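Below, read A as the first sequence line, B as the second, and so on, with proteins coming before strands; counting in each chain starts at 1. What you see below is based on every heavy atom in this structure, not just the backbone, and it leaves out hydrogens, waters and symmetry mates. The shown structure was predicted, so the numbers you read here are calculated from the model rather than taken from an experiment.
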There are 2 protein chains.
Amino acid sequence: MNKTTLFHKLVAFTTSVHRVTHELTKDAKADHITSVQYNILELIAVSQPVTPSQISDCQHLSLPNTSRELKKLREKNLIEKVGDPEDGRKQHIRLTKEGEQMMDKSFQLIETRFLNRIQNASKEDLDEIDQAIDILQRKLFY
Amino acid sequence: MNKTTLFHKLVAFTTSVHRVTHELTKDAKADHITSVQYNILELIAVSQPVTPSQISDCQHLSLPNTSRELKKLREKNLIEKVGDPEDGRKQHIRLTKEGEQMMDKSFQLIETRFLNRIQNASKEDLDEIDQAIDILQRKLFY
DNA sequence: CCACCTACTTATCATTTGATAAGCAAAATA
DNA sequence: TATTTTGCTTATCAAATGATAAGTAGGTGG
C-alpha cells in the first residue's frame with residue numbers, strides 16, 4: 001500500500017463523508033438559528049456542561065464571538081449559564097428544556113435518515129461497518 | 001449490532017473526521033482567498049473542467065453566488081472559462097497555470113501532514129486502513 | 001416563428017461571520 | 001498586597017456569505 005495512493009483515497013473518502021453528512025443533516029436545524037449556532041448547540045448537547053472557552057476551542061471561534069453567539073442562544077431560551085462555584089470566572093453552559101427538545105428533534109431526523117440509508121444492509125454489513133469505523137477511528141482519525 | 005448504537009458511533013466518527021480534516025487542512029489556503037473560494041478551487045482541481053451549474057450543485061451555493069465567486073477567482077487569475085462549442089450557454093471552468101500551482105502547494109502541505117500522521121503505522125496498519133476505507137466508502141458513504 | 005426553458009450573469013440588500021480593542025472581576029503568583 | 005494572568009463580556013467594524021430580482025443569450029419544442 002503506497003502512502004501517496006492512500007492519501008488520494010483519503011481525500012476522496014473525506015469528501016464522501018462530508019457529502020453524506022450534509023445529506024443527513026441538511027435542514028435538520030430550525031430556521032431561527034444560524035449554522036454556527038447549531039454547531040455550538042450540537043457540541044453542548046453532546047458534552048454538556050461546557051465552558052465558553054471549551055466551545056471557543058472546539059469550534060475554532062474566538063472567545064468574543066463565542067460569547068456573542070451564546071448570548072443570542074440564551075435570548076432564544078435554548079441554553080442556560082451557571083457560574084462555577086469553585087472558580088468565579090468560569091461559566092457552565094447547558095441546554096434548557098427547550099434546547100434539549102429542539103436538539104432531540106434534530107437528532108431524530110438525522111437518525112431516521114441514517115436508518116433509511118442502511119436499511120438494506122445485512123447483519124454482516126453492519127458488523128463490517130462497525131469494525132471499519134473502529135479501525136479508522138483508532139488508526140487514522142484519533 | 002444495534003442500529004441506534006451504530007448511529008451514535010457514526011456521529012462520533014464523523015465528528016472525528018471533521019476535526020482531523022480541519023487539522024490537516026488548516027492554513028492550507030492562501031490568505032487572499034476565502035474558504036468558499038478555496039472549496040470551489042478544490043472541486044475544480046479534482047474534477048476539471050466543470051460548469052458553474054455543477055459547482056453550484058456540489059457546493060450547495062446558488063448559481064448567482066457561484067457566478068460571483070468565480071468572477072473573483074478569474075480576477076485573481078486562478079481559473080479560466082471556456083465556452084462550450086456545442087452549447088453556447090455552457091461554460092467550462094479550469095484552473096490556470098497559476099491556479100494549478102497554488103493548489104499543488106496546498107495539496108502538498110496537506111499530504112505532508114497526512115504522512116506525518118501515519119508515520120508510525122505499520123504496513124499491516126496501512127492495509128487495514130485501506131480496507132476499512134473501502135468498506136465504509138462502499139457501504140455507508142456511497 | 002414564438003413561447004418557453006436552460007445556463008449564466010449582474011446587481012443589490014440583509015445577515016452572518018471574523019477580527020480586534022477595551023473592559024471587568026476572579027484567581028494565581030510574585 | 002501588588003501584579004499578572006485567566007475567563008469572559010461588550011462593542012464595533014469590515015468582510016464574507018446568502019437570498020432574491022432582473023436581465024441576457026442560446027437552446028428546445030410547439
J.: Has Lys90(A) got more than 12 heavy atoms of other residues, nucleotides or ligands less than 6.0 Å from its NZ?
T.: no

J.: State which of dA26(C), dT9(D), dA19(D) makes the closest approach to the side chain of Asp87(A).
T.: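 Nearest to the side chain of Asp87(A) among the choices is dA26(C).
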
J.: Examine the side chains of Thr4(B) and Glu111(A) and answer whether a donor and an acceptor come within less than 3.5 Å of each other.
T.: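 Result is yes, a qualifying pair exists.
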
J.: Can you measure Asp84(A) atom CG to dT6(D) atom C1' for me and round it to whole angstrom units?
T.: 13 Å

J.: Distance check needed: dA28(C) P versus Lys90(A) NZ, whole Å only.
T.: 9 Å

J.: Starting at the 5' end of DNA chain D and moving along, which residue's nearest nucleotide shows up first, Glu86(B) or Thr66(A)?
T.: Thr66(A)

J.: If you compare every side-chain N and O of Lys72(B) against the phosphate oxygens of dA16(D) (OP1, OP2), does one of them come in below 4.0 Å?
T.: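 Lys72(B) to dA16(D) OP1/OP2: no side-chain N or O under 4.0 Å.
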
J.: Over how many whole Å does the gap from His60(A) atom NE2 to dA19(C) atom C1' extend?
T.: 17 Å

J.: With side chain to side chain donor-acceptor pair (under 3.5 Å) as the criterion, how do Gln131(B) and Glu128(A) come out once you've worked through the C-alpha distance, each side chain's angles and the decisive distance to 0.1 Å?
T.: CA-CA 11 Å; Gln131(B) 286 169 27; Glu128(A) 273 196 290; over 6 Å; no

J.: Can you tell me the distance, in whole Å, between the CD atom of Gln59(A) and the P atom of dG18(C)?
T.: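 Result: 10 Å.
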
J.: Ignoring the backbone of Pro64(A), work out which of dT9(D), dT17(C), dG18(D) is nearest its side chain.
T.: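 Shortest atom-to-atom distance from the side chain points to dT9(D).
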
J.: Figure out the CD1/P separation between Ile40(A) and dT17(C), and round it to whole Å.
T.: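 To the nearest whole Å, that distance equals 9 Å.
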
J.: Rounded to whole angstroms, how far apart are NZ on Lys71(B) and C1' on dT12(C)?
T.: 13 Å

J.: How many whole angstroms separate atom CZ of Arg89(B) from atom P of dA7(C)?
T.: 6 Å

J.: Round to the nearest Å and state the distance from Asp57(A) atom CG to dG7(D) atom P.
T.: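 Rounded to the whole Å, the gap is 10 Å.
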
J.: Let me know, please, whether Leu61(A) or Gly88(A) comes out on the 5' side of the other along DNA chain C by nearest nucleotide.
T.: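 Result: Leu61(A).
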
J.: Considering only side-chain heavy atoms of Ser67(B), which listed nucleotide, dG18(D), dG27(D), dT10(C), is closest?
T.: dT10(C)

J.: Kindly assign one of parallel, tilted or perpendicular to the pair His18(A) and His18(B), based on the angle between their ring planes and the thresholds 30° and 60°.
T.: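 It falls in the perpendicular class, over 60°.
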
J.: Given that Arg68(B) and Ile33(A) both sit by DNA chain C, which one's nearest nucleotide is further toward the 5' end?
T.: Arg68(B)

J.: When you measure from the side chain of Asn65(B), which nucleotide among dT9(D), dG18(D), dT17(C) comes out closest?
T.: dG18(D)

J.: Would you kindly check if the NZ (Lys) or CZ (Arg) of Arg117(B) is within the cone defined by 45 degrees around the ring axis of Tyr142(A) and under 6.0 Å from the six-membered ring centre?
T.: yes

J.: Considering only side-chain heavy atoms of Thr34(B), which listed nucleotide, dT9(C), dT17(C), dA16(D), is closest?
T.: dA16(D)

